[in-house]
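Notes follow once the structure below has been shown.
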Amino acid sequence: MVSWNLRPMLLAAAKRPSFLGILTCVLLAAGCAKAASVFFDLPEPQEGSRQRPQTEAYNAFVQDTGPPPPIESLVSPDAVLAVLPRDRAGYVDWVAALRDEVIRPRRTLPGVRPPMNVSSFGFDFVYEGQSPMFDAYFPHSSHTELLSCETCHPEIFPYRNSEINMAAIGRGESCGVCHRTVAFPATACERCHRQMQMPEDRVEATLGSDVVLARTSPDSSGSLTSSFPPARFPHWVHRIRYRCSACHPGLFKTRSGETPVSMEAIRQRESCGVCHNDEVAFGILQCNRCHFAESTASDSIP
């Protein structure tokens, strides 16, 4: 459980007239329990209500996409890891999870026109290496189940003559845009170099690190929000619910950090606010669902 003790700050603010004090009183008078729980460290809502707000918008969305699979009701990363399949090396095999219907990620966001479904595109091929052992297999058919053509082309890969090498992947370029952070890393050699014989179960599976959003214009006004930790984005929470193409590159460019995220855009129901509007997912007043320090990170879904 994320635990912030904001009472001393609020009590100090209450001793002098301020916008914060007035806002707090208005929220409490209006019975806004959700906002009050953020500001006063009141108990979090019950886990059943934390998963999805039961609004008309969400219910209509579920009706269009079907009921969520059991994995979406899990709130602990360890519980999620326990049900996800592994590859030979021991990493999470997200494609196997999709094909086995452990996850049923949606192709589109609520109210957003879905990208073209290219999942039937089966142009799989092999990059020749210095020897047959180093031949690298690239399955378009696996990638198009989760991605759209625009997710990778032409920004990351031109349609023809794309040079791919391990040095670039190690720098986070080329395949390394994803295959270091949200997909298996280059150390899962046999996933691409299928003739390599590697020990089984040699790594420990993880859900990957959170993306910590950098602040480009720090708030120096001394307001309450200036003391908040940077926002953290857990990819794993979203990827069990949505395919990559639902957000990339339509809302966010494929490369991490290339699309600015601002609270103003979220308020305008843009960027993260397409979902995080208290209709499909929690809204902006639940500050500590995104702004939490790593040392106080919750074991439940942020």
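No experiment lies behind these values; they were computed from the predicted model shown. What you see below is based on every heavy atom in this structure, not just the backbone, and it leaves out hydrogens, waters and symmetry mates.
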I need the minimum non-hydrogen distance between Val212 and Arg232, along with the two atoms involved.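 Looking at all heavy atoms of both residues, the shortest contact is CG2-NH1, 3.6 Å.
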
Decide, yes or no, whether a salt bridge links Asp93 with Arg191 under the criterion of side-chain N to carboxylate O below 4.0 Å.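 Arg191 and Asp93: salt-bridged.
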
Using a 3.5 Å distance criterion without hydrogens, assess whether the side chain of [X] forms a donor-acceptor pair with backbone atoms of [Y].
| X | Y | result |
| --- | --- | --- |
| Arg180 | Gly170 | yes |
| Arg241 | Glu72 | yes |
| Asn117 | Ser119 | yes |

Can you tell me if [X] has over 12 outside heavy atoms packed within less than 6.0 Å of its [atom1]?
| X | atom1 | answer |
| --- | --- | --- |
| Phe252 | CZ | yes |
| Met263 | CE | yes |
| Glu128 | CD | no |

Would you check if [X] and [Y] make a side-chain contact, meaning some heavy-atom pair closer than 4.5 Å?
| X | Y | result |
| --- | --- | --- |
| Cys290 | Phe228 | no |
| Pro110 | Cys275 | yes |
| Ser148 | Arg107 | no |
| Cys247 | Leu109 | yes |

Do Asp78 and Ser76 get their side chains close enough for a donor-acceptor pair, meaning under 3.5 Å?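 No, no side-chain donor-acceptor contact under 3.5 Å.
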
Considering residues at least two apart in sequence or located in another chain, which fulfil the salt bridge (charged side-chain N to carboxylate O under 4.0 Å, His left out) criterion with [X]?
| X | value |
| --- | --- |
| Arg99 | Glu145 |
| Glu155 | Arg255 |
| Glu200 | Arg88 |

Angle between ring planes, His140 versus Phe138, binned at 30° and 60°: parallel, tilted or perpendicular?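 If you compare the ring of His140 with that of Phe138, the planes turn out perpendicular.
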
